[in-house]
Number of protein chains: 2
Amino acid sequence: MISQTEENYLKALYNLTYLKGEASVNEISKRLEIKMPTVNSMMKKLSEKGLVHYESYKPLKLTEEGKKEAALIIRKHRLTEMYLVEKMGFAWDEVHQIAEQIEHIHSPEFFTKMDQLLGYPTVDPHGSPIPDHNGVMRSENYVFLDTCEIGNVVTLMAVQPSSKELLQYLNSKNLELGTTLTIHSIEPFDRSITVSYDKRSAEVLSSKVTATLLVRPIS
Amino acid sequence: MISQTEENYLKALYNLTYLKGEASVNEISKRLEIKMPTVNSMMKKLSEKGLVHYESYKPLKLTEEGKKEAALIIRKHRLTEMYLVEKMGFAWDEVHQIAEQIEHIHSPEFFTKMDQLLGYPTVDPHGSPIPDHNGVMRSENYVFLDTCEIGNVVTLMAVQPSSKELLQYLNSKNLELGTTLTIHSIEPFDRSITVSYDKRSAEVLSSKVTATLLVRPIS
DNA sequence: CTAGTAAGTTAGATTAAACTAACAAAATAT
DNA sequence: ATATTTTGTTAGTTTAATCTAACTTACTAG
Ligand SMILES: [Mn+2]
Ligand SMILES: [Mn+2]
Ligand SMILES: [Mn+2]
Ligand SMILES: [Mn+2]
């Protein structure tokens, strides 16, 4: 049996390793706002349970089993976020904290029902992929907007990481998933870019923003 | 802050005292399947927090504050059960265990939304009243079917307690809330009663069943 | 290449929530 | 009225999850 606490560690480790392939005690500590010694002993415990590869002073990795468990929790999180937005009428910036709790509900029927009612969605409201029931996550080949060049036309596919503040900022700019953006200029000094979309002809996006926007190039 | 564990004790105490006005350590112990010494010290802790009136060897009572907290958890439980049945398509015998978990979610917005989407329901799928947002529970003056007499015509309003097994038994007999029953005879030996309803002319209900069915007399 | 800093670990303490064993009080039965 | 049983309480132990303080290892900047 995996406790709610353990589930949160697994998820943190999964998300941290998703890009780099490994993570450190320090990073989990910061992410979860839990002191390093606590993280350290939890990693040993999860290692005992066969969910984490732990060796002193080496980077942390999830085992295959740990990866699957983590992905299934993330599945519940993202299905929940989608349900809250699509079926209950919440905005995309209101759902994360609720999903953070509901992801720990033990009830396969509950999440199966959500999945059915949603028509088996593959992405959450922030564009992140929803792992399937075996914990397999499809990887899309999107690129961050800050790697694009002048003249590129791209579609906004996902926001990552999707903090509440960022989402509210995007709301204020009417920037939604699916919006098509044309890159007009890139300021060399601070890497801010000027884009047009919908009826907006010249919106400036800072590099802090463009580093979180995943897009699919059209041209 | 009230922990999930504490919430379950408060709810148990509320439900046990709902009829009799008080409850014992032993009853809570049995209800929650937790040993008496554990219940005893939890009652002391909740007393420290001002939620329970605790005095050695005296019956347990909730304080006004404890009563309100408990009712608000029960509100979340029953709203959830109603949502699961009305909006997600679960059957009335499938929702209790899920609600037992979701009742502990901390998110006023989530339950407010449920309430709105349901149109501010006043009873749960088993006919039990849903406390209002101040923790006030309307008391209906229903009577148990086993207190009725031959010739009475009654409407089934609630099932209490509503175990999964009982609900499934009622399903098998096509007995739902709102069904009108006519009492034809009462067997003195075991107090089983024979009723008719819908197209069923002579169903026999044991006293174990009739002691759980709350009805409103029509005649 | 060493000195200093950052990261990781160990040891020991704390709190919450459970338990068993033993004892005390209250209720019940003879 | 006393003996027995049930209920309630106290004391002490365990496990999970956190912390701080102190120490060790690894990384990094001169
Ligand atoms: Mn989220
Ligand atoms: Mn969580
Ligand atoms: Mn219930
Ligand atoms: Mn519960």
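Letters go in sequence order (proteins before strands), and every chain restarts at 1.
Look at B:Tyr54 and you'll find a side-chain N or O under 4.0 angstrom from OP1 or OP2 of D:dT9. Applying the 4.0 Å criterion to OP1 and OP2 of D:dA17, one finds that A:Ser3 has a side-chain N or O inside that range. OP1 or OP2 of D:dT18 lies within a sub-4.0 Å distance of a side-chain N or O belonging to A:Tyr9.
In this structure, A:Glu7 places its CD atom 15 Å from C1' of D:dA17, rounding to the nearest Å. Straight-line distance from the NZ atom of B:Lys45 to the P atom of C:dA16: 5 Å, rounded to whole Å. Atom pair B:Ile2:CD1 and C:dA16:C1' shows a separation of 15 Å (rounding to whole Å applied). In this entry the distance linking CD of A:Gln4 with P of D:dT15 reads 22 Å, nearest Å. For B:Tyr57 and D:dT6, the OH to P distance is 17 Å, given to the nearest whole Å. Following rounding to the nearest Å, A:Glu55 (CD) and D:dT24 (P) show an atom-to-atom distance of 22 Å. Straight-line distance from the CG atom of A:Asn8 to the P atom of D:dA17: 11 Å, rounded to whole Å. B:Lys58 has its NZ atom 11 Å from the P atom of C:dA27, to the nearest Å.
For an aromatic pair to be called close, the ring centres must be under 6.0 Å apart, and B:His126 with B:His96 fails this.
If you check residues 14-42 of chain B against DNA chain D, the residues with a heavy atom closer than 4.0 Å are B:Ser24, B:Val25, B:Asn26, B:Met36, B:Pro37, B:Asn40, listed by number.
Across all their heavy atoms, A:Ile34 and A:Val39 have their closest contact at O-CG2, 3.8 Å. Minimum interatomic distance between A:Leu117 and B:Lys87 (heavy atoms only, all atoms of both residues): CD1-O, 4.2 Å. Taking each heavy atom of B:Val25 and B:Met36 in turn, the nearest pair found is CG1-O, 3.8 Å.
Residue pairs meeting the salt bridge (Lys or Arg N to Asp or Glu O under 4.0 Å) criterion with at least one partner in residues 15-26 of chain A, sequence neighbours excluded, are A:Lys20-A:Glu27.
Using a cut-off of 4.0 Å between Lys/Arg side-chain N and Asp/Glu carboxylate O, A:Glu103 and A:Lys11 are scored as salt-bridged.
Side-chain atoms of A:Ser192 and A:Ser206 include no donor-acceptor pair closer than 3.5 Å.
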